[in-house]
Peer 1: 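Can you read through this structure? Questions will come right after.
What you see is a predicted model, and the numbers here were worked out from it, not measured in a lab. Heavy atoms only: backbone and side chains are in, while hydrogens, waters and symmetry mates are out.
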Amino acid sequence: MKRNYFGSLTKRMEEFREELLETKPYVCAERAVYTTEAYKKHADEPVTLKRAYMLKNILENMSIFIEPQTLIVGNQASGNRFAPIFPEYAMDWVINELDKFDKRDGDVFYIKEETKEVLKEISPYWEHNTTKDRGLAAMPPSSKIFYDLGIIKAEGNITSGDAHLAVDYEKVMKCGLKDYEARTKEAMAKLDLTEMENLKKYYFYQSILIVIDSVRAFAKRYENLAIEMSKAADDNRKKELLEIARILGKVPYEPSQTMHEAVQSMWLIHLVLQIESNGHSLSYGRMDQYLYPYYKSDLENGIITEESACELMTNLWLKTFTINKIRSWSHTQFSAGSPLYQNVTVGGQTVDKKDAVNDLSYLILKSVAQTRLPQPNLTVRYHAGLDDNFMKEAIEVVKLGFGMPAFNSDEIIIPSFINKGVKEEDAYNYSAIGCVETAVPGKWGYRCTGMSFLNFPKSLLIAMNDGVDLGSGVKVAEGVGHFVNMTSFADVEKAWDKIVRDFTRHSVIIETCCDMVLEETVPDILCSSLVEDCIGRGKTLKEGGAVYDFISGLQVGIANMADSLAAIKKCVFEDKSITTSELWEALQNDFEGENGTRIQNLLIAAPKYGNDDDFVDNLIRDAYNVYIDEIKKYHNTRYQRGPIGGVYYAGTSSISANVGQGRGTLATPDGRKAGTPLAEGCSPSHAMDKNGPTSVFKSVSKLPTEQITGGVLLNQKVTPQVLEKPEDSMKLIALLRTFFNRLHGYHVQYNVVSRDTLLDAQANPDKHRDLIVRVAGYSAFFNVLSKQTQDDIIERTEQVL
């Protein structure tokens, strides 16, 4: 596949891209300073007003700049790719790791000495005063032990904002923030302030008005800067800068009328949402649907050409890539590659069930292909009637080898939503959010997926150990007995049933504590105002302002769980080639010694998930159903407070948590060694799927996918040679149609890269600066990943068609 199939970036966008790739990611203290100032000054204000004044202080004082190549303006920090610090969420890890950021094994950040001093100076104010502090303090000891031991991981929930949604960009473009301002004032005027709940609404409405005014003033700052810069620019650039100034004097406060206005309006809102909160997976939604009318109108009126529109879109993706996020090292291991998961969705169906592909759908594919960056995260919504030509174009992008687009299936997602109470017209308008999770843009609450991580294989080991965590020796639950005393596989199933139900309950307790402190301490005002029906209800998102509010945690190590159960049943209780005592001793000794090696080989030879073998596939289906049955019993903190839903479902979009959670998991009965990565998503374990991609698809389809609404993440890897010929692309399209139409698959994505290339990139990183790989539900530059994450990707099975 030649890179120029989709054409090349314009000269200035190529220069912009090169400049961004050469930029070192530094830590920026500006937001931390202005946040601290606002929190001190407004310490006595209601929390919604304090957050509004915080954002106002940041937008009024932060550094702004306009790059020489850009047509779209707005920056997140004092430099592109610089990572702001968000002290209100957590500061302990920032101070503890100040001298380690540039020494990390992966996701390296740089920091100046003066930045360190600034952060040290403000840190005392935040001691025992952050969301993390309050979240950990809120967890009951009986549940917090699961957090401390890494059985249930939820660090990202209390050290970051939520996000995991798409706001209503279409309405912002169509109506402008002035419409939100008018609705807020109207609702505010109707309040009877003698009632406490109305007082809370009053403060929320006040905060919305402050934030809208601040965003308008932020745009004005760029308008003035563009005018000032135009005075020293050549004729061409002067014209562009004056047009930028004109647009920013209008949007996002006023409605958009041209494509350029619409894109700038969307970008500034998207940017400010990232400044307000560092929650990742803030996504663009169905951009080919809501931006298309502006593109079509501009083409018809001669305002824009396809080429200039494509340049504008590549400019947007380059700006999207400028946003960056630094995480604690422990959290980084769950999100390797500094991903922001900013997803844009194309294709799918219209609300009247017709193919939604239009000319802009093709242009978005083309522009993402030209830009070739890890952001945005591109998703194609598949359905049985998806245009064949569009499928071919999507596969051409896949062949470029940067892990995009992913495919999500309307055939299972839409019915799953409708069955959960989502209106049909909303279900047909869903988009991908972050990795593979899905929600209705502008109507869904936070974290449709992405609550806590539950380690299935570690939970199984604890179930086999009568409720005692092996690593610490702490008894975390009442078990049903020790594995060495079990006489049948039914005993193992009984132990799993008892433990996973108990652990699921504790995961909900931990998540409830996180949600409680997020609601009380860090409400997002702009984000809430742009999701229906927060203004109508006078509630922030965490208080129940969204139309829909379904969430899921993430279950990690699905394939290891499947293979472990199959090995136990086959080797111990059917073939009796291993005794319970022998297996338990081998696990404790990490398969060391002659007998350990013999036992490990027997375990590895047992049936494996990913080969269309009912023996193992049915075991994981049944084990997963226990979790699904239990999680259905619980509600989130928004239940019966306004939204439809307020309940949980399952999800496998475990990002790179398989590496971090594998590090803390001892040897498992599938033959996996201690500390090595778990399988990611619902993908088979490395090199265990030996019967080709169709068998993988069949195994995955036996999972209760209609119940795993939080996402069924499947990664596949092929070499470039496998897709070299035109007929190979048609084979892949046929395979995808079979997976989605007949097997009811939820999702799949492809790494198109050879093992030899990855190994060479490890040895010679300078030769492969542009190498991008699919890590989990997202892509990242291979060279920024830790070696263990790189090794995990290298070892994935290479499929043939």
Side-chain angles (χ1 to χ4, degrees), residues 104-109 150 152-157 159-160 163-164 280-281 324-343 374-375 377 402-404 406 433-437 447 449-458 553-560 651-665 672 675-686 710-717 747 749-751 753 758 761-762 771-796:
R104 291 177 166 188
D105 181 34
D107 295 86
V108 170
F109 284 85
I152 300 169
K153 191 71 174 175
E155 182 182 353
N157 300 51
T159 58
S160 298
H164 289 79
H280 57 249
S281 300
N324 211 345
K325 176 174 180 173
I326 186 168
R327 301 165 171 88
S328 68
W329 178 241
S330 58
H331 189 199
T332 294
Q333 295 171 66
F334 284 67
S335 299
S338 298
L340 268 298
Y341 317 96
Q342 300 166 94
N343 209 309
Q375 297 292 318
N377 204 5
F402 63 109
M404 297 185 206
I433 303 292
C435 294
V436 305
E437 55 266 39
R447 290 190 185 271
T449 302
M451 294 300 290
S452 63
F453 297 77
L454 178 58
N455 187 327
F456 268 17
K458 191 167 188 172
L554 299 168
Q555 298 79 59
V556 185
I558 306 303
N560 304 100
T652 72
S653 179
S654 54
I655 47 181
S656 61
N658 64 302
V659 177
Q661 291 218 322
R663 189 175 291 114
T665 303
R672 174 194 148 274
T676 59
L678 302 172
E680 51 81 29
C682 68
S683 307
S685 295
H686 299 333
V712 187
L713 189 156
L714 176 60
N715 258 315
Q716 292 282 271
K717 179 180 169 187
H747 160 273
Q749 60 203 16
Y750 285 89
N751 257 323
V753 61
L758 295 174
Q762 259 192 339
L771 179 60
I772 298 171
V773 292
R774 197 75 177 182
V775 181
Y778 65 96
S779 294
F781 284 109
F782 185 73
N783 289 342
V784 308
L785 301 173
S786 68
K787 185 177 185 302
Q788 193 171 23
T789 302
Q790 290 179 342
D791 290 342
D792 180 55
I793 294 167
I794 290 169
E795 294 305 317
R796 293 176 185 171

Peer 1: When you measure from the side chain of Ser452 to the backbone N and O of Ile152, does any donor-acceptor pair fall under 3.5 Å?
Peer 2: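 Not a single qualifying donor-acceptor pair exists.
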Peer 1: Roughly how far, to the nearest 0.5 Å, is the CG atom of Leu678 from the CG atom of Asn560?
Peer 2: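 Spacing of CG (Asn560) from CG (Leu678) equals 5.0 Å.
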Peer 1: For His331 and Gly156, which heavy atoms make the closest approach, and how far apart are they?
Peer 2: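 Looking at all heavy atoms of both residues, the closest pair is CE1-CA, 3.4 Å.
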Peer 1: Is there side-chain contact between Thr159 and Arg327, with heavy atoms separated by less than 4.5 Å?
Peer 2: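 Of all side-chain heavy-atom pairs linking Arg327 with Thr159, none is under 4.5 Å.
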Peer 1: Keeping Lys458 on the side-chain end and Gly664 on the backbone end, is there a donor-acceptor pair under 3.5 Å?
Peer 2: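 Side chain of Lys458 to backbone of Gly664, a donor-acceptor pair under 3.5 Å: yes, one is there.
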Peer 1: Between Ser656 and Ala336 (side chain of the first, backbone of the second, donor and acceptor by atom type, cut-off under 3.5 Å), is there such a pair?
Peer 2: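 Present.
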Peer 1: List the atom of Gly337, the atom of Ala780, and the distance in Å for their closest heavy-atom pair.
Peer 2: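 Shortest heavy-atom contact: CA-CB, 3.9 Å.
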Peer 1: Please report the interatomic distance CZ(Arg447) to CD1(Ile433), rounded to the nearest 0.5 Å.
Peer 2: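 The distance works out to 13.0 Å.
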Peer 1: Could you tell me whether the side chain of Gln749 and the main chain of Gly403 form a donor-acceptor pair under 3.5 Å?
Peer 2: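 No; judged by distance alone, with no hydrogens or angles, the pair does not exist.
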Peer 1: Does the side chain of Arg796 reach to within under 4.5 Å of the side chain of Val773, using non-hydrogen atoms?
Peer 2: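 In short, these two side chains do not touch, never coming nearer than 4.5 Å.
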Peer 1: Rounded to the nearest 0.5 Å, how far does OG of Ser338 lie from CG of Asp107?
Peer 2: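 One finds 3.5 Å between CG of Asp107 and OG of Ser338.
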Peer 1: Quick one: does Asn783's side chain get under 4.5 Å of Leu771's, heavy atoms only?
Peer 2: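 SC-SC contact between Asn783 and Leu771 ruled out.
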Peer 1: Considering all heavy atoms of both residues, which atom of Asn343 and which atom of Gly434 are nearest to each other, and what is their separation?
Peer 2: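 Smallest interatomic distance, heavy atoms only, reads ND2-O, 2.8 Å.
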Peer 1: Determine the minimum heavy-atom distance between Gly681 and Ser654, stating which atoms define it.
Peer 2: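 Smallest interatomic distance, heavy atoms only, reads N-OG, 3.2 Å.
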Peer 1: Can a donor-acceptor pair be found between the side chains of Gln762 and Asp791 at a distance below 3.5 Å?
Peer 2: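 Their side chains do contain a donor-acceptor pair, which is all the 3.5 Å distance test asks for.
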Peer 1: Do Pro677 and Glu795 come within less than 4.5 Å of each other through their side chains, counting heavy atoms only?
Peer 2: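 Pro677 vs Glu795: side chains apart.
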Peer 1: If you measure from CG on Asn658 to CG on Asn715, what distance do you get to the nearest 0.5 Å?
Peer 2: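 Asn658 atom CG to Asn715 atom CG measures 9.5 Å (nearest 0.5 Å).
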Peer 1: Is there side-chain contact between His280 and Gln342, with at least one heavy-atom pair below 4.5 Å?
Peer 2: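 A side-chain contact is absent here, since even the closest heavy-atom pair is not under 4.5 Å.
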Peer 1: For Arg104 versus Ser328, what's the shortest heavy-atom pair and its separation?
Peer 2: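 Reported closest heavy-atom pair: NH2-C, 3.7 Å.
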Peer 1: I want to check something: taking the side chain as every heavy atom from C-beta on, are Asp792 and His686 in contact at a cut-off of under 4.5 Å?
Peer 2: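 Asp792 reaches His686 side chain to side chain.
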Peer 1: Determine the minimum heavy-atom distance between Pro374 and Met404, stating which atoms define it.
Peer 2: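 Taking every non-hydrogen atom into account, O-CE, 3.2 Å.
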Peer 1: Excluding sequence neighbours, so at least two apart, what forms side chain to side chain donor-acceptor pair (under 3.5 Å) with Arg672?
Peer 2: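 Partners of Arg672 by the side chain to side chain donor-acceptor pair (under 3.5 Å) criterion, ordered by chain and then number, come out as Thr668, Thr676.
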Peer 1: Would you compute the distance between atom CD1 of Ile558 and atom CD of Glu680 and round it to the nearest 0.5 angstrom?
Peer 2: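 Reported value, rounded in 0.5 Å steps: 11.0 Å.
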Peer 1: Would you say that Phe782 contacts Val753 through its side chain, given a criterion of any heavy-atom pair below 4.5 Å between the two side chains?
Peer 2: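 SC-SC contact between Phe782 and Val753 ruled out.
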Peer 1: Is it true that Ser335 and Tyr778 share a donor-acceptor pair across their side chains at a distance under 3.5 Å?
Peer 2: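 Per modelled atom types, Tyr778 and Ser335 side chains form no pair under 3.5 Å.
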Peer 1: Taking Thr652 for its side chain and Leu713 for its backbone only, find out whether a donor-acceptor pair lies under 3.5 Å.
Peer 2: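 Looks like yes, one N/O pair under 3.5 Å.
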Peer 1: In sequence, state the C-alpha distance, the side-chain angles, and the governing distance for Cys435 and Ile655, and then conclude on side-chain contact (heavy atoms from CB on, under 4.5 Å).
Peer 2: CA-CA 8 Å; Cys435 294; Ile655 47 181; 3.4 Å; yes
Peer 1: Any idea how Phe453 and Phe334 line up, ring-wise: parallel (<30°), tilted (30 to 60°), or perpendicular (>60°)?
Peer 2: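 Judged by the thresholds at 30° and 60°, the geometry between Phe453 and Phe334 is perpendicular.
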Peer 1: So does Ile793 get a backbone contact from the side chain of Lys717, meaning a donor-acceptor N/O pair under 3.5 Å?
Peer 2: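 It does hold such a pair.
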Peer 1: For a 4.5 angstrom cut-off between non-hydrogen side-chain atoms, does Val108 reach Ser786?
Peer 2: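 No, every pair of side-chain atoms sits at 4.5 Å or beyond.
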Peer 1: Using the side-chain contact (heavy atoms from CB on, under 4.5 Å) rule, take Val712 and Val436 through it: C-alpha gap first, then chi angles, then the decisive distance, then the call.
Peer 2: CA-CA 7 Å; Val712 187; Val436 305; over 6 Å; no
Peer 1: Mind checking the CD-NE2 spacing from Glu437 to His164? Nearest 0.5 Å is all I need.
Peer 2: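 Spacing of CD (Glu437) from NE2 (His164) equals 5.5 Å.
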Peer 1: Judged by atom type as modelled, is there a donor-acceptor pair below 3.5 Å linking the side chain of Asn751 to the main-chain atoms of Arg774?
Peer 2: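 Pair found, side chain donor or acceptor close to backbone of Arg774.
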